[in-house]
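Order of appearance sets the numbers: ligands from 1, and atoms from 1 within every ligand. This structure is a prediction, so every number in the text was calculated from the model and none was measured.
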Amino acid sequence: MPYRLTVLGTGYLGATHAACMAELGFEVLALDVDQSKIERLRRGELPIHEPGLEEVLRRNLDSGRLRFTTSYEEVAKFGDVHFVCVGTPQKKGERAADVSYLDAVVESLAPHLDRECLVVGKSTVPVGTAERLAEKLVRLAPAGTQTELAWNPEFLREGFAVRDTLRPDRIVIGVTSERAEKILRDVYAPLGEVPIVVTDFPTAELVKSAANAFLATKISFINAMAEVCEAAGGDVTQLSAALAYDERIGGRYLNAGLGFGGGCLPKDIRAFTARADELGAGHALAFLREVDEINLRRRARMVGLAGEVLGGSFGGRRVAVLGAAFKPNSDDIRDSPALDVAVKIAELGGLVTLYDPAALANARAAHPQLGYAESALEAASGAEVVLLLTEWQEFVSLDPEDLGAVVAARVIVDGRNALDVELWRGAGWHYRALGRP
Ligand code: UGA
C-alpha cells in the first residue's frame with residue numbers, strides 16, 4: 001500500500017473508517033483523546049452497536065494492520081494521510097454547529113507535522129470551514145505548505161456503516177491541488193468502480209449538507225401528507241406506495257411515521273440554515289425550518305394519539321413503549337423520536353415501561369425516571385396501550401396473540417407504520433397509526 005493512514009476521532013464515523021481502511025489492506029493508526037475508549041477498541045470491543053463492525057475491527061487488530069493510540073506525536077510520525085472524523089454537534093441553545101473539535105484536532109496535530117502529508121476532513125461542517133482550517137494547518141505545521149488539506153464528506157448510515165464505507169454510492173473529494181486528488185484516488189482505488197466527484201472546498205462541504213437536507217425534506221414531505229391524510233380520512237401508507245411507483249419520486253425515505261432523529265439529520269438541517277443566514281442566503285433554506293417543524297409535530301401527534309386511545313388522560317395509566325433507539329439496528333439515542341415521546345408521556349403522568357433490543361443501557365442512563373424491561377413481552381405486561389416507536393424487526397414480527405396474552409387491553413399505536421394492520425385487527429387489537437384512519 002502506497003500510504004500509511006491515520007484516523008482522528010473514533011466515534012461512529014472514525015471507528016468505521018479506521019476498521020474499513022485496514023480491511024482494504026492499509027496500515028491504520030487511529031487516535032482518540034478518550035483513553036478508556038482507546039483501551040476498549042484495542043481489546044476489540046466497540047463502544048457502539050453497529051452490525052458487522054466488530055468482526056472487521058477484530059480481524060484487523062489480529063492482522064496488526066489496525067492500531068490505536070492517544071498520542072498526536074505518534075500519529076504525525078506514522079501517517080501520510082490523516083482522516084479527521086470528529087463530531088460537529090449542535091451548539092447548545094443555537095441552530096449552528098459546534099466545530100471546536102475540528103479546530104482542536106488541527107491545533108493538536110499540526111505542530112507535529114514536519115514532513116509532506118495530506119489532512120482529510122470527513123466531518124459534516126458549515127460551508128467555509130475547510131478553507132479556514134486549510135490556512136490554519138499550513139500556518140501551524142513546521143512542514144508548512146508540504147502539508148495540505150482536502151475535504152471528503154462521509155455519507156454512511158448507522159446500521160449500515162460497514163456496507164456504506166466499503167460500497168459507497170459515490171466519493172466526493174474537495175481539493176485545491178492535483179497532488180491531493182491523486183492521493184485520495186489512490187486511497188480509494190481498492191474499492192473498485194465507485195463514481196468520484198472532484199470539486200472545490202465549498203462544493204464538497206455543501207454536497208453533504210444538501211444530501212441530508214434532501215433526505216430530511218423527503219421524510220417531512222410524506223409526514224406532511226400524513227397530517228393531511230389524518231384531517232381528510234386518507235391512508236398515507238397507500239398514498240406513499242402509490243407515489244413510489246413514479247421513478248422520479250421513488251419509494252425510499254418515504255415511510256411516514258414518527259419522523260427523523262439521530263445525531264445527523266436534525267442538527268445538520270439546523271446548522272445548514274444557520275450558515276445560510278450568515279451567508280445572506282437564509283431565504284433559500286427557509287423551507288428547512290418547516291421541514292424541522294413538521295418533523296417535531298409528529299412526536300406531539302404521537303403523544304396526542306396515545307392519549308386519545310386511553311380516553312384523554314395518561315395519569316396513572318400503564319404504557320408500554322417498544323423502541324428507544326432513533327432507528328432500528330442502532331443503540332444511538334441522540335434526538336430519538338421514540339425516547340422523546342416516552343419522556344413526554346411520563347411527564348404527563350403515564351407509567352411508562354420501555355424496551356429496546358440495543359439501546360436500553362443508553363436510554364436508562366439518560367432517563368432513569370422511566371421504567372425499563374428486558375423484553376417486549378415484559379414491557380407490555382399489564383399495559384393499557386402498547387406504542388411501537390422504533391421498527392426493530394423483533395417488534396415487527398411480534399405475534400399479536402403472544403402480546404395479547406400479557407397486556408391489560410389489546411390497544412396498539414404503530415408509530416412507524418410497520419405492522420400488518422389486518423393481522424393485528426384480526427387478532428382483536430384496536431390498532432391506530434400515524435396518517436391512517
Ligand atoms: C443519515 C444519512 O442517511 C446518511 O447518508 C448520512 O451520512 C448520516 O445521516 C450522517 O450525516 O452521518 P443516519 O442518521 O444513520 O444517516 O440515519 P438514516 O438511516 O438516514 O435515518 C434517519 C432518521 O430518519 C431515522 O430516525 C429514521 O427512522 C428516519 N426515517 C428514515 C423515517 O422516518 N422515514 C424514512 O422513510 C426513512
Does the N or O separation between G261 and ligand 1 drop below 3.5 Å for any pair? yes

Polar atom proximity, L215 to ligand 1 (N or O, under 3.5 Å): no

Specify the protein heavy atom at minimum distance from atom 17 (O) of ligand 1: its residue, its atom name, and the distance to 0.1 Å. K327 NZ, 3.2 Å

Is the backbone of T199 close enough, under 3.5 Å, to the side chain of T203 for a donor and an acceptor to pair up by distance? no

Sub-4.0 Å atoms of ligand 1 with respect to non-hydrogen atoms of D268: 11 (O)

Can you check whether L419's main-chain N or O pairs, donor with acceptor, with D414's side chain at less than 3.5 Å? yes

Ligand 1 contact by R416, heavy-atom criterion under 4.0 angstrom: yes

Heavy atom of the protein closest to atom 1 (C) of ligand 1 (residue, atom name, distance): L265 CD2, 4.0 Å

Charged N to carboxylate O below 4.0 Å: is that the case for D335 and R299? yes

Polar contacts were defined as any N/O atom of the residue lying under 3.5 Å from an N/O atom of the ligand; does this apply to L156 and ligand 1? yes

Would you tell me which option among Y12, F160, Y253, F260 has the nearest heavy-atom contact to atom 23 (C) of ligand 1? F260

Decide whether an N or O pair under 3.5 Å exists between E158 and ligand 1. yes

Quick one about R436 and N417 (side-chain donor to acceptor, distance below 3.5 Å, no hydrogens or angles considered), yes or no? yes

In ligand 1, which numbered atoms sit nearer than 4.0 Å to a non-hydrogen atom of C264? 8 (C), 9 (O), 10 (C), 11 (O), 12 (O), 14 (O)

Does ligand 1 have a heavy atom under 4.0 Å from the side chain of I219, from its backbone, from both, or from neither? side chain

D356 side chain to L360 backbone, donor-acceptor under 3.5 Å: no

Going by atom types only, do E94 and Q90 share a side-chain donor-acceptor pair under 3.5 Å? no

Regarding R157 and the six-membered ring of F160, is the cationic atom NZ or CZ under 6.0 Å from the ring centre and inside 45° of its axis? yes

Mark up the atoms of ligand 1 that fall under 4.0 Å of a heavy atom belonging to E154, in ascending order. 7 (O)

Among all protein non-hydrogen atoms, which one is nearest to atom 5 (O) of ligand 1, and what is the separation to 0.1 Å? F155 O, 2.8 Å

Using modelled atom types only, decide if a donor and an acceptor are shared between the side chain of S108 and the backbone of A104 within a distance under 3.5 Å. yes

Decide whether a cation-pi geometry holds between R4 and F78; the criteria are a distance under 6.0 Å from NZ or CZ to the six-membered ring centre and an angle within 45° of the ring axis. yes

Is it true that the NZ or CZ of R170 lies under 6.0 Å from the centre of F155's six-membered ring and within 45 degrees of the ring axis? yes

Could you tell me whether some N/O pair between K208 and ligand 1 is separated by less than 3.5 angstrom? yes

Selected option - heavy-atom contact closest to atom 2 (C) of ligand 1, from N212, D164, L389, D335: N212

The protein heavy atom nearest to atom 34 (N) of ligand 1 is N255 O, 3.2 Å

